[in-house]
Amino acid sequence: MHTDIVCLHVYLLSGAIDVPIVNKKLSKEFYLREDTLAVARSLIGKLIVVPEGRRRVSAMIVETEAYLGETDKAAHSFGGRRTKRTEVMYAAGGTVYVFFVYGMYHQLNVVTGPADHPHAILLRAAEPVEGVNVIRERRGKMPDKNLTSGPGKLCIALGVDKRFNGESFRGKRIWLEDFREFADGDIITGPRVGIAYAEEFTEMPWRFWLKDNPFVS
DNA sequence: CGCAGGATGGGCT
DNA sequence: GCCCATCCTGCGG
């Protein structure tokens with residue numbers, strides 16, 4: 001048996017490095033784990049792939065935030081709230097949750113855990129890897145460091161919008177792959193962003209990011 | 001570089 | 001009618 005290993009020269013600021021593209025979607029089990037904080041941490045270094053026609057467009061996740069469902073005042077599903085918008089959070093892990101905010105921006109989330117366990121992880125920032133020219137075009141005349149350094153920018157860069165809501169992260173339009181592994185010491189935790197309304201949950205260190213990566217928001 | 005202010009519309013009270 | 005898991009621009013230093 002033989003496997004094609006494609007090596008890529010990784011894009012700019014975080015340093016030049018050749019990395020194998022594994023080209024294999026993360027397993028169903030990856031998404032079904034109930035330890036949402038562990039999943040949020042393990043998403044750092046994974047590749048988000050959103051093909052454009054036959055072309056791969058991808059970015060390495062460098063920042064995530066965990067939203068822990070019914071008991072987390074910052075989560076849309078807090079208190080078991082179940083509406084048209086939040087319904088998708090009750091699906092099984094591996095489902096795409098995209099919502100619209102501030103009248104202009106989309107936010108890409110990974111639903112995690114079993115069905116009726118409405119946790120999700122916000123993908124806040126990533127580093128462009130493949131299809132960088134497609135990404136540059138979508139982002140207009142932005143300097144490279146601003147291409148994907150925030151949750152709204154990431155969605156624009158990858159072409160993600162409400163149409164992706166409810167799809168699978170193991171389908172044909174969007175998926176995640178293994179890409180790079182980082183030691184625990186390279187992953188920093190801190191409070192989540194933009195949740196001042198969440199009272200005692202505001203300062204919970206449920207945001208994870210890759211130390212010294214220039215695309216962290 | 002930092003910061004203030006505005007854009008803009010869905011979701012929910 | 002208010003809030004919001006944000007981003008960009010323009011201005012001052």
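Worth saying up front: this structure is predicted, and the values here are computed from it rather than measured. Proteins get letters first, then strands, A, B, ... in listed order; numbering begins at 1 in each.
- Computed from coordinates, the Tyr102(A) OH to dC2(C) C1' distance equals 13 Å when rounded to whole Å.
- A salt bridge does not link Arg139(A) to Asp144(A): none of the charged nitrogens lies less than 4.0 Å from a carboxylate oxygen.
- Minimum atom distance to the side chain of Lys162(A) is reached by dG11(B), of the listed dC4(C), dC1(B), dG11(B).
- Here the nucleotide nearest the side chain of Phe100(A), chosen from dT6(C), dG9(B), dC1(B), is dG9(B).
- Contact between the side-chain N/O atoms of Arg124(A) and the OP1/OP2 oxygens of dA5(C) is not found at any separation under 4.0 Å.
- Residue Gln107(A) is classed as a sugar-phosphate contact, given heavy-atom separations below 4.0 Å to backbone atoms only.
- Centre separation under 5.5 Å together with a plane angle under 30° does not hold for the ring of Tyr105(A) and the six-membered base ring of dT6(C), so they are not marked as stacked.
- The side chain of Arg139(A) contributes no N or O atom lying less than 4.0 Å from OP1 or OP2 of dC7(C).
- Within the 4.0 angstrom heavy-atom criterion, base atoms lie near Asn109(A).
- Here dG10(B) presents its C1' atom at 11 Å from NE2 of His76(A), a figure rounded to the nearest Å.
- The CD1 atom of Ile156(A) sits 13 Å away from the C1' atom of dT8(B) (whole-angstrom rounding).
- Taking the side chain of Met104(A) as heavy atoms from C-beta on, and the options dA7(B), dT9(C), dC4(C), the nearest nucleotide is dA7(B).
- Taking atom CE of residue Met89(A) and atom P of nucleotide dA5(C), one finds them 12 Å apart after rounding to whole Å.
- In this entry dT6(C) has dA7(B) as its Watson-Crick or G-U wobble partner, both defining distances falling under 3.5 Å.
- Lys25(A) and Glu177(A) are not joined by a salt bridge, as no carboxylate oxygen comes within less than 4.0 angstrom of a charged side-chain nitrogen.
- Atom pair Ile195(A):CD1 and dT6(C):C1' shows a separation of 15 Å (rounding to whole Å applied).
- At the phosphate of dG11(B), neither OP1 nor OP2 sits under 4.0 Å from any side-chain N or O atom of Arg81(A).
- Across all strands, Arg192(A) comes closer than 4.0 Å to no nucleic acid atom at all (heavy-atom distances).
- Between the P atom of dC7(C) and the NZ atom of Lys145(A) lies a distance of 14 Å, rounded to the nearest Å.
- Counting only heavy atoms from C-beta on, Lys153(A) has its side chain closest to dC7(C) among dC7(C), dT6(C), dG11(B).
- Residue contacts for Ser217(A): at a heavy-atom cut-off of 4.0 Å it reaches no nucleic acid atom on any strand shown.
- One interatomic measurement links the two molecules: CG of Asn146(A) to P of dC8(C), which rounds to 6 Å at whole-angstrom precision.
- A cation-pi arrangement is present between Arg33(A) and Phe30(A) under the rule of less than 6.0 angstrom and at most 45 degrees off the ring axis.
- Checking Lys211(A), Lys153(A), Arg124(A) one by one against Glu63(A), the salt bridge (Lys or Arg N to Asp or Glu O under 4.0 Å) holds for a single residue, Arg124(A).
- Residue Tyr197(A) contributes atom OH, which lies 13 Å from atom C1' of dG11(B) at whole-angstrom precision.
- For the pair Pro151(A)/Gln107(A), a side-chain contact is recorded, criterion being any heavy-atom separation below 4.5 Å from C-beta on.
- Among the nucleotides dC8(C), dC12(B), dT6(C), the one closest to any side-chain atom of Thr86(A) is dC12(B).
- OP1 and OP2 of dG11(B) both lie 4.0 Å or more from every side-chain N or O belonging to Thr83(A).
- Under the stacking definition used here (centres under 5.5 Å, planes under 30°), the residue Tyr67(A) qualifies as stacked on the base of dA5(C).
- Taking the charged nitrogens against the carboxylate oxygens, Glu65(A) and Arg192(A) have no contact shorter than 4.0 Å, which rules out a salt bridge.
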